[in-house]
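Model, not experiment: these values are computed from the prediction. Quick note on labels: first sequence line is chain A, next is B, and so on, each numbered from 1.
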Amino acid sequence: MRIFYRLLKMADDTVKCYLECCKSSHPKLPLPHNVPVIIGRTPELGITDKLCSRSQLELTSNCYKRYVLVKRLGANTSQINGIDIEKNKSSRLEEGQDLHVVNGKFPHRVYFTGCQNDTKTEKAVVPKLPTKSTGLTKSDLFIKQPERKKLKVSENKSKVLNSKIKPQEKFSSESVYAFDSPSPMSSRCEKKAESNKRAPTHKHWSQGLKAAMEDPELVVQEDEQIVVIKDKYPKAKYHWLILPKDSISSTKNLSTDNIELLKHILKVGQELATEVMDKQPDVEFRFGYHAVASMSQMHMHVISQDFQSSSFKTKKHWNSFTTDYFVDATDIINELETGGKVKDRRTMTSLLNEPLKCHRCKKPQKNIPTLKKHIDSCQK
DNA sequence: GTTCTAGAAC
DNA sequence: GTTCTAGAAC
């Protein structure tokens with residue numbers, strides 16, 4: 001037991017957790033290890049939206065295991081990576097995941113710093129805990145936020161990094177979707193964490209696209225609004241993803257403000273497809289979004305309809321691109337233009353278990369190998 | 001999202 | 001026996 005408490009103390013001494021506003025609307029908020037911190041419609045967070053409860057969420061960090069438990073107390077929904085948190089239930093929030101405090105608004109993230117000796121973190125003195133015994137208020141938790149580094153702005157002109165479009169069968173075997181961007185921890189602490197299997201330093205797999213967006217091996221084109229990447233596991237001869245540079249975790253968080261962006265994404269996708277079809281008129285493309293995407297950071301698929309790829313392996317792969325689970329980009333745009341929001345499609349996940357059938361002739365298929373043979377020859 | 005693998009299906 | 005899949009783990 002003593003060892004257990006010593007380990008907990010070590011975690012508390014060396015790793016600190018902070019809640020950061022993605023829009024920099026307020027200073028970062030320390031989340032002391034294992035101490036529930038309540039956030040909501042308070043002056044400290046700058047949230048005035050009445051749909052947000054004053055006690056919307058209870059956050060309890062685990063600095064040792066590097067995650068935060070998020071319990072929803074408020075009546076309206078909160079989301080982690082676009083997925084609703086049920087009332088009075090706790091969901092796990094990991095570094096890099098998006099936490100929307102209410103109704104897809106007020107994006108925040110958590111991060112963990114390394115040790116106290118780390119020069120990047122030494123200014124971030126963790127205040128005393130907001131317990132009744134300390135008598136401190138929530139505002140006591142706020143501290144001065146270091147100035148953010150300005151990001152480089154891309155050139156205005158669309159930049160084609162790899163204009164020669166080839167079928168996507170020869171990708172690097174490097175793990176592109178594994179998190180590999182710089183950690184805020186110092187190298188000394190990285191080594192320390194690396195040696196501790198129970199304190200993983202990598203981000204959740206669902207954050208892999210964000211790293212992929214910065215990988216020159218994958219990026220084929222970009223402009224000031226979007227990035228086009230090759231899908232690392234293409235499900236057809238041609239399969240790209242187009243992602244906005246602004247942080248938008250899923251289609252569910254879209255508003256009418258994003259209509260022009262969505263039209264731009266579609267236009268870029270259509271131009272890519274046209275480049276292929278000019279040389280191969282028989283190649284067909286679709287442009288769309290998964291009803292419920294697994295990977296964070298909204299992305300539109302540009303995918304040829306041959307489905308000839310060694311990465312296409314499962315019923316889920318097939319149904320995600322050939323049933324209504326694949327939502328045409330034009331449908332998403334229309335929904336925003338007519339209703340101001342995107343339909344909630346969470347119930348559509350059942351489509352992923354539908355029996356296999358050919359997307360052209362609709363003939364049922366026994367299994368994946370049979371389906372693959374069939375679609376190679378089916379002309380409808 | 002992928003990988004791995006036990007057990008079902010053949 | 002081999003092939004295939006679904007679900008757990010990551």
Side-chain angles (χ1 to χ4, degrees), chain A residues 62 64-67 79-83 91-98 168-181 183 193-194 196-215 217-219 227-236 239-243 247-252 288-303 307 309-323 325-327 345-346 348-358 364-376:
Chain A
N62 186 328
Y64 185 56
K65 294 188 175 175
R66 305 175 80 91
Y67 66 82
Q79 295 85 23
I80 293 176
N81 276 358
I83 296 168
S91 297
R92 196 165 155 147
L93 174 69
E94 308 210 25
E95 274 181 302
Q97 291 187 311
D98 294 317
Q168 294 174 234
E169 290 291 342
K170 294 176 183 173
F171 289 150
S172 156
S173 59
E174 287 173 36
S175 178
V176 180
Y177 288 170
F179 173 72
D180 60 4
S181 61
S183 153
E194 198 178 352
N196 187 345
K197 296 274 168 82
R198 287 173 297 179
T201 58
H202 59 81
K203 283 194 175 177
H204 194 258
W205 55 261
S206 64
Q207 302 303 308
L209 284 180
K210 289 172 184 169
M213 286 171 75
E214 294 173 6
D215 185 341
E217 290 290 314
L218 281 185
V219 175
V227 176
V228 182
I229 62 172
K230 293 179 280 191
D231 193 303
K232 196 211 168 185
Y233 300 97
K235 306 302 182 293
H239 189 180
W240 295 283
L241 307 179
I242 307 183
L243 309 96
S247 180
I248 301 175
S249 61
S250 76
T251 51
K252 206 183 153 195
Y289 299 84
H290 281 150
V292 182
S294 302
M295 306 291 282
S296 186
Q297 188 60 356
M298 184 190 81
H299 52 281
M300 187 188 81
H301 293 267
V302 177
I303 184 165
F307 296 105
S309 169
S310 56
S311 294
F312 157 36
K313 296 174 179 174
T314 69
K315 178 188 267 191
K316 186 178 173 182
H317 291 156
W318 179 251
N319 285 334
S320 74
F321 287 103
T322 61
T323 67
Y325 193 86
F326 190 81
V327 185
R345 292 183 164 85
R346 279 174 297 174
M348 294 177 81
T349 48
S350 59
L351 291 172
L352 298 173
N353 288 319
E354 288 284 294
L356 297 170
K357 64 179 180 186
C358 173
Q365 301 296 317
K366 190 175 70 177
N367 56 33
I368 295 291
T370 311
L371 170 69
K372 284 195 160 205
K373 278 180 202 156
H374 174 84
I375 59 177
D376 285 351

Calculate the interatomic distance between [X] atom [atom1] and [N] atom [atom2]; express it in whole Å.
| X | N | atom1 | atom2 | value |
| --- | --- | --- | --- | --- |
| A:Leu356 | C:dC4 | CG | P | 13 Å |
| A:Lys315 | C:dT3 | NZ | P | 21 Å |
| A:His204 | B:dG1 | NE2 | P | 13 Å |
| A:Gln207 | B:dG1 | CD | P | 13 Å |
| A:Trp205 | B:dC4 | CH2 | P | 17 Å |
| A:Asn367 | C:dC4 | CG | C1' | 7 Å |
| A:Lys373 | C:dT3 | NZ | P | 11 Å |

Legend entry - Partner set under ring pair (Phe, Tyr, Trp, His ring centres under 6.0 Å) for A:Phe321, not counting sequence neighbours: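 So A:Phe321 forms a ring pair (Phe, Tyr, Trp, His ring centres under 6.0 Å) with A:His239, A:His290, A:His301, A:Phe326.
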
Legend entry - Under 3.5 Å: donor-acceptor pair, side chain of A:His374, backbone of A:Thr370: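 Checking the backbone N and O of A:Thr370 against the side chain of A:His374, no donor-acceptor pair under 3.5 Å is found.
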
Legend entry - Short side-chain to backbone donor-acceptor contact, A:Lys372 and A:Ser309, under 3.5 Å: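 Flag set: sc A:Lys372 to bb A:Ser309 pair under 3.5 Å.
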
Legend entry - Below 4.0 Å: OP1/OP2 of C:dT3 and any side-chain N or O of A:Lys313: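 No, because none of the side-chain N or O atoms of A:Lys313 sits under 4.0 Å from OP1 or OP2 of C:dT3.
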
Legend entry - Short side-chain N/O contact to B:dT2 OP1/OP2 from A:His317, under 4.0 Å: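 Yes, because at least one side-chain N or O of A:His317 sits under 4.0 Å from OP1 or OP2 of B:dT2.
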
Legend entry - For A:Lys210, side-chain contact (heavy atoms from CB on, under 4.5 Å) partners two or more places apart: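 So A:Lys210 forms a side-chain contact (heavy atoms from CB on, under 4.5 Å) with A:Asp98, A:Arg109, A:Gln207, A:Ser296, A:Gln297.
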
Legend entry - For A:Thr322, all residues meeting side-chain contact (heavy atoms from CB on, under 4.5 Å), sequence neighbours excluded: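 If we apply the side-chain contact (heavy atoms from CB on, under 4.5 Å) test to A:Thr322, skipping adjacent residues, the hits are A:Phe307, A:Trp318, A:Asn319, A:His359.
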
Please output the side-chain donor-acceptor pairs of residues 349-358 of chain A that fall under 3.5 Å, not counting sequence neighbours, one pair per line with the distance.
| residue | atom | partner | partner atom | Å |
| --- | --- | --- | --- | --- |
| A:Thr349 | OG1 | A:Arg346 | O | 3.2 |
| A:Ser350 | OG | A:Thr347 | O | 3.4 |

Inset, instruction - May I ask you to say what A:Ser294 touches in the nucleic acid, namely base, sugar-phosphate or nothing, with a heavy-atom cut-off under 4.0 Å? - result: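 Contact class for A:Ser294: base.
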
Inset, instruction - Please work out if A:His299 contacts a base, only the sugar-phosphate, or nothing of the nucleic acid, heavy-atom cut-off 4.0 Å. - result: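 A:His299: no heavy atom of the nucleic acid under 4.0 Å.
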
Pull out every protein N or O sitting under 3.5 Å from an N or O of nucleotides 5-10 of chain B, one pair per line with the distance.
none

Legend entry - A:Thr323: side-chain hydrogen bond (donor to acceptor under 3.5 Å, both in side chains) partners, not counting sequence neighbours: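 Partners of A:Thr323 under the side-chain hydrogen bond (donor to acceptor under 3.5 Å, both in side chains) test: none.
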
